[in-house]
Amino acid sequence: MNLDFVLRTEIRKATDSLFGQPVDNLQIQPTNAEFEGSHTLVCFPLTKISKKDPEQTATAIGEYLVANSGIVSRFNVVKGFLNLVIADKAWVEVFKSIYSNKDFGLLPSNGKELMVEYSSPNTNKPLHLGHLRNNFLGYSVAEIYKALGYKVHKVQIINDRGIHICKSMAAWKLFGHGETPQSSGMKGDKLVGKYYVEFDKNHKAQMKELVDKGVSEADAEKQSPIMQLASDMLRKWEAKDAETLQLWKTMNGWVYEGFEKTYKRMGVDFEKLYYESNTYLLGKEEVLKGEEKGIFFKKEDGSVWIDLTSDGLDQKVLLRADGTSVYMTQDIGTAILRFKDFPKIEGQVYTVGNEQEYHFKVLFLILKKLGYQWAEKCYHLSYGMVDLPSGKMKSREGTVVDADDLMQEMADEAEKQTRELGKIEELNEQQIKDLSEMIGLGALKFFLLKVDPKKRMLFDPNESIQLLGHTGPFIQYTHARIRAIVRKAESMGVKPTESDLSQVTSLEDSERDGIFILNNYINKLNEAARDYSPAVIANFAFDLAKGYNQFYQSIPIFNETDAVKLKFRIAFSEVVADVLKKSMKLLGIQVPEKM
RNA sequence: GGUCUCAUAGCUCAACUGGAUAGAGCAGCUGCCUUCUAAGCAGCAGGUUGCUGGUUCGAGUCCAGCUGGGAUCACCA
């Protein structure tokens, strides 16, 4: 039974019968805890058609529903709020329809396709905390849309070319002495990152020397020998110089090997990778075509621009005077390429930090002006920066939190606490490691996903490593706890059937509350997709786990002598565990059978 | 300076998009394990929602102004 739909239909009938007008946009909200009931109809807006004051309006509707709806057993009116008590047998019906649907929470295919881009790192340094938020967010949004019946294509664009990688290459050439991941035992991305830092160090020193000799800071920046070497390598790369290309391929290869391990541990995946070295020349043709159509204009020096001042934005360069592309040009080309590669996608989601909001605003506007209808379905999933208690992460100050290190610390902490609690006698060493990994990563992912993506957030290492309270492990724990009950019920031969459930006539408060939360799952799923916000799912899962624990503490399940009630409670437990597992899966978090 | 964005309990976050006496977690205090996993539950305490006005039956939410953070406004990506 779809309670929300039935309730709306019944109230619609009520307004039609009482006031001669069926109302569709009813305001229904959860009832405040202090009043009896679960659903509250806000009656202020209805006074226009009822021609009565809010209390009278509410009372009239309440009386009608009790007499005619069959699902409302009582009501009370507080000011203009009509608090409805849904009959227990209606709640049982709601529960039965969830229990009997094995695919509850997984909508059938809707035939639509969507692309989600996320991660998209540079290849000159390892992944850090900011990338973790990005990866977890993008992955989760993709999973949420999948649950709603979309076919989702996860992609990323790897920024594998440009001056930044040439810097690492230059430093390696000067100081590397042929060092490789194999010879040093370092993870490939870490090794390349080391030379990026090495570049910076030398560059700074050389700059200082030049400045001391009276060279201006800006000139010194360019004139330092190591920067000259890097620039030279970039020129050679663009000229397809064999030796430079070889070194570039080798060092990028090291990075990919390292990233591969990190992605695997994060639990994220991609259907297709785009490399900037393949796409950086795209878009130029589009811009030239756009110039012919008069969408763009050429300045005297030959550079091509778009004027967005009438849209409240500025002018933006698209082709340099020498005819080369800029970032925006590439992104235009890449977007078009993706719609060619995946013709059925209705839009793209770009998971990129909010410092690029202006960029995407301009990008989507340009695509629209070029006549691409799908531009309106492109969305910049813009997320706030992750701050540390000490402030912003700064590579220069060494405050960058490395992704690999952080995941390891989380797993270590989880293992430490798991061993301290000592509920794991029957687990072997490998199982303890696996469980710790699951808990550590669950804590990390939940911590980063529970906050509204749009908001800037604070990452306090001490708090993130907590496994109590509003955390992933709290939900994992609740799941494990329920599974223990279900296993016990199975061993006792307690097997609920639908006909058992039909005999349930009354419910305890905590059971009703639990069904109420479960019943909200699909709404939350839609809300999370609409807002591109895994936080909605994270908070739902927390509320469900919290609700179950209240039930668990207030009712000793196996003390129940009434067989029907016992079976209902087992069925209820099974469903809660199942929905917890499904919702956590949308966050990329696994859930254990025991912990 | 222009544009955008944020400000809620000591701390970290919610608040179903305009609804009732603003809710959780952490930290603090008090209870609950001889019974299904205490990584749990119950309770106490904690608030002029940055400030000032406005819109209306009703504002943390919408509008204006102010204060204070942040981002952005490159022929970088």
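Note on naming: letters A, B, ... go to the chains in the order of the sequence lines (proteins, then strands), and numbering restarts at 1 for each one.
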(message) Within the 4.0 Å heavy-atom criterion, would you say A:Glu34 contacts the bases, only the backbone, or no part of the nucleic acid?
(response) base
(request) Compare side-chain N and O positions of A:Lys455 against OP1 and OP2 of B:rU5 and report whether any pair is under 4.0 Å apart. (result) no
(request) Determine the interatomic distance between C1' on B:rU56 and the same-named atom on B:rC32; round to the nearest Å. (result) 49 Å
(message) Please classify the nucleic acid contact of A:Met595 as base, sugar-phosphate, or nothing, using heavy-atom distances under 4.0 Å.
(response) base
(request) With C1' as the reference atom in both, quote the distance from B:rC44 to B:rG54 in angstrom, rounded to an integer. (result) 40 Å
(request) Looking only at side-chain atoms of A:Met385, point me to the closest of B:rA71, B:rA74, B:rC41. (result) B:rA71
(request) Using Watson-Crick or G-U wobble geometry with both distances below 3.5 Å, tell me the partner of B:rU12, or none. (result) B:rA24
(message) Closer than 4.0 angstrom, basic N to acidic O: yes or no for A:Asp387 and A:Arg456?
(response) yes
(request) Would you kindly give the OH-to-C1' distance between A:Tyr196 and B:rA77, to the nearest whole Å? (result) 11 Å
(request) With heavy atoms under 4.0 Å as the rule, sort A:Thr47 into base, sugar-phosphate or nothing. (result) nothing
(message) Check the orientation of A:Phe199 and A:Tyr196. Use parallel for under 30°, tilted for 30 to 60°, and perpendicular for over 60°.
(response) parallel
(request) Could you tell me whether the phosphate oxygens of B:rC36, OP1 or OP2, come under 4.0 Å of any side-chain nitrogen or oxygen in A:Arg487? (result) no
(message) If you compare every side-chain N and O of A:Tyr358 against the phosphate oxygens of B:rU72 (OP1, OP2), does one of them come in below 4.0 Å?
(response) no
(message) I want to verify the glycosidic state of B:rC13; is it syn or anti under the 90° rule?
(response) anti
(message) Taking the cut-offs as 6.0 angstrom to the six-membered ring centre and 45 degrees off its axis, would you call A:Arg133 and A:Tyr383 a cation-pi pair?
(response) no
(request) Starting at the 5' end of nucleotides 57-63 of chain B, put B wherever the base has a protein heavy atom under 4.0 Å, S where only the sugar-phosphate does, and a dash everywhere else. (result) B------
(message) Taking pairing as Watson-Crick or G-U wobble with both contacts under 3.5 Å, can you name the mate of B:rC32, or confirm there isn't one?
(response) B:rG40
(request) Just compare B:rU37, B:rG19, B:rA77 and give me whichever is closest to any side-chain atom of A:Gln330. (result) B:rA77
(request) Check the side chains of A:Asn252 and A:Asp160 for a donor-acceptor pair under 3.5 angstrom, ignoring hydrogens and angles. (result) no
(request) Give A:Glu276 one of three labels, base, sugar-phosphate or nothing, depending on what nucleic acid heavy atoms sit under 4.0 Å from its own. (result) sugar-phosphate
(message) Let's test this: given Watson-Crick or G-U wobble pairing with both distances under 3.5 Å, identify the partner of B:rG58.
(response) none
(request) Between B:rU72, B:rU37, B:rC13, spot the one nearest the side chain of A:Val451, thanks. (result) B:rC13
(request) Indicate syn or anti for B:rU72, taking the glycosidic torsion and treating anything within 90° of 0 as syn. (result) anti
(request) Choose from B:rA39, B:rA20, B:rC13 the nucleotide whose nearest atom is closest to any side-chain atom of A:Phe81. (result) B:rA20
(request) Any strand is fair game: report the nucleotide pairing with B:rG68 by Watson-Crick or G-U wobble, both distances under 3.5 Å, or none. (result) B:rC6
(request) Give me the ring orientation class for A:Phe360 and A:Tyr350: parallel if the planes are under 30° apart, tilted from 30 to 60°, perpendicular past 60°. (result) tilted
(request) Please determine if A:Lys433 and A:Glu415 form a salt bridge, counting it only when a charged side-chain N lies under 4.0 Å from a carboxylate O. (result) yes
(message) Any base atoms under 4.0 Å from A:Asp452, or only sugar-phosphate, or nothing? Heavy atoms, all strands.
(response) sugar-phosphate
(request) Counting heavy atoms from C-beta on, name the nucleotide in B:rC13, B:rC41, B:rU21 closest to the side chain of A:Lys79. (result) B:rU21
(request) Go through B:rA14, B:rG70, B:rA39 for me and flag the one nearest to the A:Arg456 side chain. (result) B:rG70
(message) Taking pairing as Watson-Crick or G-U wobble with both contacts under 3.5 Å, can you name the mate of B:rU17, or confirm there isn't one?
(response) none
(message) Please pick, from B:rC4, B:rA39, B:rA77, the nucleotide with the shortest atom-to-atom distance to any side-chain atom of A:Leu467.
(response) B:rA39
Distance-only criterion, 3.5 Å: show the donor-acceptor pairs between side-chain atoms of residues 559-571 of chain A and protein atoms not counting sequence neighbours.
residue  : atom : partner  : partner atom : Å
A:Glu560 : OE1  : A:Arg569 : NH1          : 2.7
A:Glu560 : OE2  : A:Asp562 : N            : 3.1
A:Asp562 : OD1  : A:Val564 : N            : 2.9
A:Asp562 : OD1  : A:Lys565 : N            : 3.3
A:Lys567 : NZ   : A:Asp500 : OD2          : 3.4
A:Arg569 : NE   : A:Glu511 : OE2          : 2.6
A:Arg569 : NH2  : A:Glu511 : OE2          : 3.3

(request) Just compare B:rC36, B:rG19, B:rA24 and give me whichever is closest to any side-chain atom of A:Val42. (result) B:rG19
(request) Check whether any side-chain nitrogen or oxygen of A:Tyr552 sits under 4.0 Å from OP1 or OP2 of B:rA38, and answer yes or no. (result) yes
(request) Could you work out which one of B:rC36, B:rC76, B:rG40 sits closest to the side chain of A:Ile557? (result) B:rC36
(message) Just to be sure I understand the rule, does A:Asn549 reach a base, reach only the sugar-phosphate, or reach nothing, if contact means heavy atoms closer than 4.0 Å?
(response) sugar-phosphate
(request) Determine whether any donor atom in the side chain of A:Arg483 lies under 3.5 Å from an acceptor atom in the base of B:rU37, or the reverse, and answer yes or no. (result) no
(message) With ring-ring contact (aromatic ring centres under 6.0 Å, His included) as the test, pick out the partner of A:Tyr280 among A:Trp237, A:Tyr275, A:Tyr274.
(response) A:Trp237
(message) Is the phosphate of B:rU72 approached by A:Lys361 (side-chain N or O, under 4.0 Å from OP1 or OP2)?
(response) no
(message) Let's go through A:Phe81 and A:Phe35 carefully: what are the C-alpha distance in whole Å and the side-chain angles of both, what is the deciding distance for ring-ring contact (aromatic ring centres under 6.0 Å, His included) to 0.1 Å, and is it a yes or a no?
(response) CA-CA 10 Å; A:Phe81 298 92; A:Phe35 304 116; 8.3 Å; no
(request) Identify which nucleotide among B:rU37, B:rU72, B:rC4 has an atom closest to any side-chain atom of A:Arg481, counting heavy atoms from C-beta outward. (result) B:rU37
(message) So does A:Leu313 get a backbone contact from the side chain of A:Asp311, meaning a donor-acceptor N/O pair under 3.5 Å?
(response) no
(request) Classify the nucleic acid contact of A:Leu421 as base, sugar-phosphate or nothing, counting any heavy atom under 4.0 Å across all strands shown. (result) base
